[in-house]
Amino acid sequence: KKKDVVNENTSTEESTDEAVANDDVTPAATESERKFAYCTSTLNNPFMTTIGDALQTLCDENGDELIIYDPQYDQAKQISQVEDAITQGVDGIFLLPVDSDGVKSVLETAASKNIPVIAIDNPVTDTDLVAANVASDNFNAGHIIGEAIIADFPDGAKIAIIDSPTMVACVDRYEGFVAALEEAGMTDKFEIVAKQDAQASLEKAMPIAENIIQANPDVQAFYGINDPTALGVIAALKAADKLGDIKIYGVDGSPDGKAALKDETLAVTAAQSPVGLAKTSYENILKVLNGETIEKSIAVDTFKIDASNVDEYGVDGWQ
Amino acid sequence: MQTKNQTTKKETNIAIKFFTENLGILGAFVIIGTIVSIMSPVFLTTDNVLSVGRQISTNAVIALGMAFVIILGGIDLSVGAVVAFSGTLCVGLINNGVPIPAAIVIGMLFGTAVGFVNGLVIAKTGMAPFIVTMSTMNVVRGAAYIYSKGLPIRCKEDAFAIIGTGYLGSIPLPVIYLAVFILMASIILSKTKFGTYIYALGGNREAAKFSGISTHKIEISVYTISGFLSGFAGVVLAARMYSGQPSVSSGAEMDAIASCVLGGVSMTGGTGKIGGVVIGTMIIGVISNGLNLLNINSFWQLIVKGIIVLIAVYVDIIKKRRLLKG
Amino acid sequence: MQTKNQTTKKETNIAIKFFTENLGILGAFVIIGTIVSIMSPVFLTTDNVLSVGRQISTNAVIALGMAFVIILGGIDLSVGAVVAFSGTLCVGLINNGVPIPAAIVIGMLFGTAVGFVNGLVIAKTGMAPFIVTMSTMNVVRGAAYIYSKGLPIRCKEDAFAIIGTGYLGSIPLPVIYLAVFILMASIILSKTKFGTYIYALGGNREAAKFSGISTHKIEISVYTISGFLSGFAGVVLAARMYSGQPSVSSGAEMDAIASCVLGGVSMTGGTGKIGGVVIGTMIIGVISNGLNLLNINSFWQLIVKGIIVLIAVYVDIIKKRRLLKG
Amino acid sequence: MDNKIVLEMKGIEKQFAGVYALKDVQFSLREGEVHALLGENGAGKSTLIKVLGGIYRADSGQIRINGNEIKIDGVKDAQEKGISIIHQEIVLVPHISVAENIFLGREPVNKIGLKDCKKMNEEAKKMVVSLGLDIDVTREVFYLTIAQQQMVEIIKAVSFNSKIIIMDEPTSSLAEREVEHLFEIIRKLKKQGVSIVYISHKLNELVAITDRITVMRDGKYIDTKVTSETTVNELIGLMVGRELTEYYTRTKHSIGDIAFEVRNLNKKGTFKNVSFHIRKGEIIGFAGLVGAGRSEIMKAVFGVDKLGSGEIYLDGKLLHLKNVKDAIDHGIALIPEDRKKEGLILKNSVAFNITLTIQDKYKKGIIENKHVRNEIINKYINAFSIKTPAIEQLTHNLSGGNQQKVVLAKWLATDPKVLILDEPTRGVDVGAKAEIYSIIDDLAEKGMAVIVISSELPEIINMCDRIYVVAQGKISGELSRDEFLQERIMYYATGGE
Ligand SMILES: Nc1ncnc2c1ncn2[C@@H]1O[C@H](COP(=O)(O)OP(=O)(O)OP(=O)(O)O)[C@@H](O)[C@H]1O
Ligand SMILES: Nc1ncnc2c1ncn2[C@@H]1O[C@H](COP(=O)(O)OP(=O)(O)OP(=O)(O)O)[C@@H](O)[C@H]1O
Ligand SMILES: [Mg+2]
Ligand SMILES: [Mg+2]
């Protein structure tokens with residue numbers, strides 16, 4: 001009964017439930033109650049929130065308890081929270097590190113208490129201290145956008161990039177993008193007229209995009225380092241009435257991003273699957289607790305979504 | 001004939017007063033503007049000017065409320081959180097079928113209510129405004145996350161976006177709102193009893209009390225105004241973003257305070273003019289816009305912004321000192 | 001015999017003084033602690049207590065510096081940025097082959113230098129501390145990003161981590177540092193001339209000047225102390241994180257200010273004690289720890305934290321009022 | 001001339017933190033009467049009138065206006081009941097105009113509800129002119145001198161057209177000419193049937209303007225006298241509880257070498273070519289009108305303000321004073337004229353303030369000699385009979401006169417060689433004044449060089465060996481003791497050569 005209520009509450013995350021319902025490795029729900037912690041980096045980002053929701057659903061279905069900690073992107077706070085989780089005696093930790101290196105001290109603590117840690121999305125550097133790194137292939141996501149933009153502008157174009165150079169995943173997406181251009185030998189044809197930091201936020205991307213089109217009225221495409229950034233660009237261009245002339249690309253495959261694909265304001269998004277990340281992580285931590293050995297590094301695929309295939313994924317939730 | 005002459009003279013006087021009052025900061029503004037426009041030819045195009053106007057509108061509206069609060073001798077750290085919640089609430093209500101105008105009103109009322117609570121607690125308990133509004137900042141931000149489950153809410157009704165993205169003639173609506181609020185705020189501060197009481201309270205609380213001014217009422221009203229303006233800004237910003245974002249505008253309080261201080265509002269209360277605050281906001285907006293136009297790396301932007309603000313305030317101090325002597 | 005008796009009496013006096021001075025806030029602290037320990041059995045385990053000690057150590061060290069600044073009548077918004085840069089710098093230097101002790105010293109010196117510049121600018125130009133330190137906050141944060149190219153720097157030398165993760169006996173080193181600084185800070189404030197002058201300056205700047213206190217020197221020293229403590233906190237934090245993080249501790253200034261205000265330091269300057277500040281930091285630390293142990297959702301944590309801080313300050317005000325009357 | 005009683009207070013009690021500030025106090029006021037409240041510092045005068053003004057609520061007691069018992073519920077209520085107050089300390093809002101201050105809380109509004117600035121300025125101007133003053137009503141109060149601010153307070157209180165006006169030491173920062181002005185205003189008000197409660201420590205003023213005098217001591221009512229039927233000595237006796245035989249103490253003692261000399265001091269726009277000297281054991285006075293520049297000169301000498309040019313010699317040696325600390329280290333002390341702004345840290349205790357300038361005397365690093373500290377504090381508390389419940393009491397809670405005594409203590413504690421006192425007895429009661437004079441005399445006897453700036457001519461005339469008169473930033477005259485005559489001083493003070 002209780003489960004139903006939870007599901008209703010998270011009705012916007014339908015695909016989450018589907019993903020879990022299709023899952024047949026689910027262990028018996030009767031097993032003694034386990035306690036897990038999801039130590040995320042921030043809940044300001046729908047991506048992280050969705051991973052949390054998916055983990056919550058999985059835990060609910062298996063009668064496990066899940067505690068969610070949000071350090072608001074502060075490494076020091078995250079360390080405190082992981083410590084608190086360990087103090088509480090959790091059975092396992094899903095960790096989305098603020099920084100790959102910064103969490104080492106708590107990884108050591110967890111290791112000394114034999115608490116398995118699975119790092120999600122942002123791989124930790126000290127792989128020997130975690131059970132596994134489970135991450136999206138962000139480099140590939142950038143690569144997908146690079147390929148898409150080459151396909152859309154075979155003769156090259158003036159492009160603007162709104163990135164987030166302080167976030168490792170975003171840096172990978174930028175590097176994948178550049179690599180795609182290089183591999184196709186198109187680096188010279190694409191002129192990057194502006195490259196600015198909007199800290200992956202819609203609000204900050206909006207004025208930056210406005211300013212970029214003022215300074216470069218002839219810009220032909222925007223690459224937003226994630227969907228919120230791309231949506232910020234869309235909002236800016238809509239207000240300036242320039243939406244038709246400029247193509248916009250994003251990374252994430254968020255519900256809002258997919259909605260934008262549907263009304264053709266967004267050209268392409270390179271989708272990652274937070275639900276997939278959550279599922280993979282959860283399955284693997286159970287394996288570790290059962291004494292099985294698992295891969296140290298598990299990549300969850302990223303793939304292209306555009307207007308042609310957006311309906312396969314639906315716009316109500318993540319994939 | 002005579003009346004006309006008089007009006008002109010009066011207007012000139014006001015203009016002169018405005019100039020002398022804001023000499024330093026106006027100078028700083030002109031210098032910054034000149035530098036940017038030399039380095040980037042698009043800076044002074046109508047398009048860009050209007051676009052900057054729209055960009056600063058949110059911050060400027062918040063800064064107006066903050067100016068009231070600081071002149072009163074207080075501070076309001078909850079403004080950013082209120083922006084986030086009122087926008088998110090408004091979009092959430094629209095998506096749940098509440099008529100757009102009603103949702104807009106409720107969104108703004110929510111901000112107003114937070115301001116009222118701030119004022120009430122500060123007035124009745126005598127607690128430091130810093131700590132009270134920091135607490136409501138946390139509470140309101142938390143509430144915004146809970147209401148939206150931490151996720152942005154995309155607005156289903158396109159009509160809503162108009163209030164943030166529409167135009168009146170060729171002027172963006174947010175700029176129009178801003179102009180109206182600036183006018184109202186300066187009239188309230190300089191022409192009404194209420195305005196005088198705000199200065200009185202900020203300048204010498206005891207004197208205000210001894211003059212029979214009900215300090216509680218003034219205090220509550222001022223925080224309520226700040227809450228209302230933040231609520232308003234939140235709704236308009238949500239319309240501009242086509243969505244309610246619970247994490248938006250964190251740190252907006254700092255920008256608003258900086259605008260006020262840049263504009264000559266003293267942090268200890270009792271002094272300051274709306275004209276200065278508007279220029280202060282414009283300086284911060286123009287710096288951001290200019291640095292973006294010049295495609296300066298965001299890390300360097302932080303440094304440049306820090307230094308420019310410092311210099312602008314310094315120039316203002318020097319000029320004012322000279323004025324006092326000469 | 002007699003001397004011994006006297007010492008005991010003196011100690012009791014100090015203890016009594018500490019209790020009466022911090023009655024309200026201490027009461028709040030005890031209440032919060034009791035509630036958490038009833039609800040979560042692990043709360044009072046040695047392990048958890050030490051872990052909380054380590055968690056609050058960074059904030060507490062920053063808060064000590066902030067207390068000096070606020071008592072002086074100023075404010076220091078640059079502390080979080082200094083924490084980030086000095087840690088990043090220190091790790092960067094170590095990775096470039098600078099010997100660990102030298103890198104540590106340079107990291108701290110950098111923070112000290114920022115504090116010195118803050119003090120110098122504030123003293124010599126008479127600009128508002130809020131605006132000056134907000135500017136240096138931006139400049140230093142920008143510099144940290146530029147130095148590290150925006151990304152965290154992992155420390156190559158494991159030995160460095162000891163200063164943040166090591167123990168003396170069973171007590172974490174950061175807790176030891178904190179204890180030393182608390183002792184020093186309270187001695188400086190309550191026993192030295194310098195401390196007296198800080199109170200005098202914060203209480204009435206003009207009168208302090210008339211009393212022959214070189215206000216500039218005091219001001220510069222106080223901001224330098226705050227800078228040094230932030231620099232120290234930054235280096236230790238970097239060691240705890242095995243890396244220099246340019247984005248860490250943004251918003252730390254707010255927590256530090258909140259600790260001070262909770263601890264009875266008045267935002268207008270001139271009053272406050274280190275004992276109170278320490279309890280203030282502990283309250284904030286225990287709230288975070290307690291809410292984490294009780295599995296409270298982070299969105300709700302914001303709300304609960306906001307409300308608890310509000311209540312704690314309120315209780316303190318009420319108790320102080322009673323004390324004054326009775 | 002027994003007019004009807006408009007105000008009557010009976011059995012008024014008020015405690016602060018368990019200490020009685022008022023105990024069973026009675027007071028009555030007739031129509032058109034000027035009734036003085038007299039008492040030592042801390043006797044409870046200000047507290048009593050604050051009860052009347054709705055600032056404090058009495059713990060018990062009755063207040064009747066026109067025979068009806070009333071309760072005063074806040075400041076506004078007091079105003080509505082026809083009571084207005086000029087407070088002992090100036091309470092004006094700094095950054096709004098004079099007119100706005102005068103009308104604060106009852107601004108005229110125009111048809112659309114906005115403040116009618118024009119009307120306000122005109123009416124304020126009218127008031128200023130009708131009181132024969134010259135103040136720009138559109139100027140921010142911040143830029144006025146203390147005396148001007150005090151006059152604004154007076155205008156404000158009068159402007160309410162109240163039936164009862166209370167004046168708490170209105171003349172403490174006014175010069176003689178302005179005092180005369182105030183008296184004219186009071187006489188005019190009297191004729192209109194306004195009743196006035198007048199508090200002052202200047203007994204000559206009381207004799208000149210009041211009809212009756214009520215004396216208070218230690219928060220208690222002592223007696224009420226008709227002014228014309230009493231003597232100053234009787235009043236002092238009632239007030240202090242003993243006869244005060246010697247008011248001014250001047251013993252004859254030898255005067256030594258030149259201790260301190262100032263040559264050709266200049267500061268643009270403030271003072272010009274100022275030279276003076278003082279010998280060991282000498283007391284010299286600086287007379288002049290308010291705003292003549294005396295305070296400015298001394299602040300420059302002391303190093304608070306930057307010097308334009310000039311030389312300062314101590315014991316024949318040229319000094320290069322870098323700052324105030326330097327001056328203090330050389331044995332110079334300046335007791336400033338504005339105790340609230342320049343003298344005290346009001347948020348701190350009596351002990352803190354007294355010891356602020358003498359930290360070195362009992363502190364070495366972190367070692368503190370509590371014994372020495374407390375000895376110094378207690379010495380001055382006794383010497384000036386500072387009325388405070390404890391040495392850790394906040395100076396903010398002290399009565400005005402006792403605050404002034406703390407400032408004196410703070411500077412005497414530095415054991416200066418040259419002591420400059422700027423309006424040292426402002427707001428101090430007669431008993432304490434006599435004590436201060438005797439202390440000054442004592443110090444001079446021991447060889448200290450004392451400079452007294454005072455707007456109270458009798459004070460200067462009776463205490464000093466020599467007088468410099470300052471007019472418009474220049475020393476316009478120098479008089480030796482046998483030349484002291486009020487008229488001569490005024491002659492120089494108004495700039496006559
Ligand atoms: N707010 C307060 N808290 C505590 N004690 C107070 C407070 N206000 C006044 N007192 C005490 O009450 C007593 C009476 O003070 P009051 O100001 O009425 O004296 P006064 O007669 O006006 O003296 P003066 O001539 O010096 O102005 C003093 O002992 C003073 O210390
Ligand atoms: N707060 C102030 N703002 C502006 N001008 C001032 C202020 N205080 C003093 N002045 C001006 O400085 C000059 C010298 O004033 P100063 O106080 O030194 O006079 P004084 O002879 O000491 O008079 P007093 O009898 O008041 O002590 C005067 O012209 C006066 O108007
Ligand atoms: Mg008094
Ligand atoms: Mg003077």
Side-chain angles (χ1 to χ4, degrees), chain C residues 6-7 9-10 13-14 16-17 20-21 70-73 123 183-219 264-274 320-326, chain D residues 15-18 298-299 302-305 321-330 332-349 351-368 370 373 392 394-397 406-407 410-411 413-414 422:
Chain C
Q6 245 177 338
T7 349
K9 206 184 144 197
K10 208 173 157 189
N13 277 348
I14 290 176
I16 288 176
K17 215 176 143 196
T20 49
E21 264 166 8
I70 299 182
I71 293 173
L72 180 84
L183 199 73
M184 282 172 54
S186 45
I187 287 175
I188 289 177
L189 267 186
S190 63
K191 297 274 172 222
T192 67
K193 280 202 286 184
F194 176 55
T196 306
Y197 294 163
I198 295 175
Y199 284 105
L201 221 78
N204 184 347
R205 201 192 167 80
E206 191 71 9
K209 213 168 128 191
F210 270 82
S211 305
I213 296 169
S214 31
T215 52
H216 283 12
K217 261 192 217 156
I218 304 291
E219 228 165 2
V265 179
S266 151
M267 290 294 289
T268 51
T271 53
K273 294 264 159 66
I274 290 298
K320 277 203 182 125
R321 257 188 224 151
R322 283 234 184 100
L323 208 69
L324 222 80
K325 274 191 191 158
Chain D
Q15 295 187 22
F16 291 111
M298 295 310 164
K299 278 199 264 181
F302 193 52
V304 180
D305 292 344
L321 298 178
K322 289 193 292 285
N323 49 34
V324 178
K325 175 142 198 338
D326 230 15
I328 295 174
D329 290 345
H330 279 98
I332 306 172
L334 169 68
I335 297 180
E337 62 179 334
D338 187 340
R339 61 174 170 256
K340 254 181 137 178
K341 245 199 200 150
E342 302 161 342
L344 292 174
I345 320 277
L346 289 170
K347 281 180 190 176
N348 282 95
S349 66
F352 182 96
N353 276 285
I354 294 181
T355 56
L356 186 58
T357 43
I358 50 158
Q359 297 281 307
D360 289 325
K361 282 197 181 160
Y362 67 95
K363 262 186 204 169
K364 285 212 169 59
I366 63 166
I367 310 295
E368 191 178 58
K370 271 247 153 67
R373 171 179 182 268
E392 297 300 338
L394 300 188
T395 43
H396 181 263
N397 294 339
V406 174
V407 181
K410 168 181 164 184
W411 284 106
T414 62
D422 195 350

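We name chains A, B, ... by the order of the sequence lines, and we start the count at 1 in each one.
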- Message: Main chain of C:Gly212, side chain of D:Asn323: is a donor-acceptor contact present, judged purely on distance under 3.5 Å?
- Response: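 The answer is no, because no donor-acceptor pair under 3.5 Å joins these two groups.
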- Task: Spell out, as yes or no, whether a donor-acceptor pair under 3.5 Å connects the side chain of C:Asn204 to the backbone of D:Gly343.
- Result: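 No, C:Asn204 side chain to D:Gly343 backbone: no donor-acceptor pair under 3.5 Å.
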- Query: Roughly how far, to the nearest 0.5 Å, is the CE atom of C:Met184 from the CD1 atom of D:Ile366?
  - Reply: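 So the CD1 of D:Ile366 and the CE of C:Met184 are separated by 10.5 Å.
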- Item | D:Asn348 side, atom CG; C:Tyr199 side, atom OH - distance, nearest 0.5 Å |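 Result: 8.5 Å between the selected atoms.
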- Item | Distance-minimising heavy-atom pair for D:Leu356 and C:Ser211 |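 Nearest heavy atoms, D:Leu356 then C:Ser211: CD2-OG, 3.6 Å.
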- Message: Under 4.5 Å from any heavy atom of chain D, what part of C:Ile188 do you find: side chain, backbone, both or neither?
- Response: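 Neither part; nothing is under 4.5 Å.
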- Item | Portion of C:Thr268 that has a non-hydrogen atom of chain D nearer than 4.5 angstrom |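 Contact with chain D involves both backbone and side-chain atoms of C:Thr268.
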- Item | Toward chain C, the part of D:Lys364 with a non-hydrogen atom under 4.5 Å |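 Looking at D:Lys364, nothing touches chain C.
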- Query: Quick one: what part of D:Ile328 sits under 4.5 Å from any heavy atom of chain C, side chain, backbone, both or neither?
  - Reply: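 When you check distances to chain C, only side chain atoms of D:Ile328 fall under 4.5 Å.
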Out of [options], return the one with the most heavy atom pairs under 4.5 angstrom to chain C.
options                      : answer
D:Thr357, D:Leu334, D:Val304 : D:Val304
D:Asp360, D:Thr414, D:Val407 : D:Asp360
D:Lys325, D:Lys363, D:Glu368 : D:Lys363

- Task: Kindly check if the number of other-residue, nucleotide or ligand heavy atoms within 6.0 Å of NZ (C:Lys217) is above 12?
- Result: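 It does not: C:Lys217 NZ has 12 such atoms or fewer within range.
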- Looking only at side chains, do C:Ser266 and D:Lys347 share a donor and an acceptor under 3.5 Å apart?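 Checked: C:Ser266/D:Lys347 side chains show no N/O donor-acceptor pair below 3.5 Å.
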- Message: Does D:Phe352 form a side chain to side chain contact (heavy atoms under 4.5 Å, CB included) with C:Thr196? I'd like the steps, not just the answer.
- Response: CA-CA 8 Å; D:Phe352 182 96; C:Thr196 306; 3.5 Å; yes
